[in-house]
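To keep things clear, I will list the structure first and then write my remarks on it.
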Protein chains: 2
Amino acid sequence: MKSSPGATWSVGELASRFDLATHVLRHWEDVGLLKPDRDSAGRRRYGRDELVRVAVILRNKAAGMSLEQIAILLDAGAPDRHRVLEAHLADLDRRMQEMQLSRQMTEHALRCRAHDVANCPNFRTGIEDLLEGRSWPGDWH
Amino acid sequence: MKSSPGATWSVGELASRFDLATHVLRHWEDVGLLKPDRDSAGRRRYGRDELVRVAVILRNKAAGMSLEQIAILLDAGAPDRHRVLEAHLADLDRRMQEMQLSRQMTEHALRCRAHDVANCPNFRTGIEDLLEGRSWPGDWH
DNA sequence: GCTTGACTTCATGTCGACATGAAGTCACAT
DNA sequence: ATGTGACTTCATGTCGACATGAAGTCAAGC
């Protein structure tokens, strides 16, 4: 009952399914994100599980996570998993909030009559609040 | 009426105000984000405008924008400025949505009894929807 | 039997945004 | 006059996530 009927895919098949290059899948394997079975000839055989993992990787990469972070997500054996996951949530929230601020800024730049961002009074006021109360965001990268 | 009383700062002063290294400010100048005045001795003098620009840069960097993108934001002279700004908004929205999906995924991983993400049935179902309807996100980077 | 696809290791390149350091000049303040 | 901070150019390194290619092996399908 562990693995269902169990269709499997080769690197090439899986790669084209997700529109990736094969060496990307091998790279992810190199860094420990995937551990596909091998057939009698030593070729990679990816099952449903690996397919799901690839989907998870893509989703979280798209959300700006590093492979290292994703590794923790996927590693069920991590001791402080719970803590790490919550930290990740907090991280996501923080980043979304910063993007929200950037969004407001850009939206204002669109509506504002003053074409030069640096010369719009409303805009400056908003920013200068930030300059007094020094609440500067950490590096997002 | 253009520039108010006009306090100015040196590189060092501005850098420490924003907790940056001086070479970062010079780097941003190299790539065209800043154009500070010079004093009689050729030293950079940053005014209120530049200070605002630095704040804008930091905000948007924190939101994941590249310096190149920020340059467009700050360049009032760009012809297709309006289009670019709206594209940026759309980009932000798309990314926030992807982060939202990642968030849901992570939250589920926290609550779910199945510790291994790849083996949680609910989770898999959600993902496999994505596998059928091929709606894959572009590179975020 | 030959192509196709997969395998291996190893090395090197790319991109963005700096980081770091050398090497030398210049101006202002104590 | 000495130290401090600023200036310049030029070169090289760092990090993450691959990209690209070489060089050689191996196995299955037509």
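In this text, all values refer to a predicted model and were calculated from it rather than measured experimentally. Each chain gets a letter, A, B and so on, in the order the sequences are listed, and its residues count up from 1.
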Write down the distance between [atom1] ([X]) and [atom2] ([N]), rounded to a whole number of angstrom.
{"X": "B:M65", "N": "C:dG16", "atom1": "CE", "atom2": "C1'", "value": "15 Å"}
{"X": "A:D30", "N": "D:dC18", "atom1": "CG", "atom2": "C1'", "value": "11 Å"}
{"X": "B:L20", "N": "C:dA17", "atom1": "CG", "atom2": "P", "value": "15 Å"}
{"X": "B:L25", "N": "C:dA17", "atom1": "CG", "atom2": "C1'", "value": "14 Å"}
{"X": "B:H23", "N": "C:dT20", "atom1": "NE2", "atom2": "C1'", "value": "7 Å"}
{"X": "A:H27", "N": "C:dG13", "atom1": "NE2", "atom2": "C1'", "value": "15 Å"}
{"X": "B:E68", "N": "C:dC18", "atom1": "CD", "atom2": "C1'", "value": "16 Å"}

Side-chain donor or acceptor of [X] paired with backbone N/O of [Y] under 3.5 Å:
{"X": "B:E50", "Y": "B:K35", "result": "yes"}
{"X": "A:S66", "Y": "A:Q69", "result": "yes"}
{"X": "A:N60", "Y": "A:A63", "result": "no"}

> Which letters describe nucleotides 5-11 of chain D, given B = protein heavy atom under 4.0 Å from base, S = only from sugar-phosphate, - = neither?
Replying inline: -SSS---

> Does the cation-pi check pass for B:R45 over B:W9, that is, NZ or CZ under 6.0 Å from the six-membered ring centre and within 45° of its axis?
Replying inline: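 No cation-pi geometry.
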
> Do you know which two heavy atoms are closest between A:L110 and B:E86, and how far apart they sit?
Replying inline: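 It is CD1-CG, 3.7 Å.
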
>> On the nucleotide C:dA17, are OP1 or OP2 found under 4.0 Å from the side-chain N or O atoms that B:W28 carries?
In response: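 Result: no.
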
>> If hydrophobic clusters are built by linking Ile, Leu, Val, Met, Phe, Trp and Tyr wherever their side-chain heavy atoms come under 4.5 Å apart, do B:L101 and A:I70 end up in the same one?
In response: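 Looking at the clustering, A:I70 is in a separate group from B:L101.
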
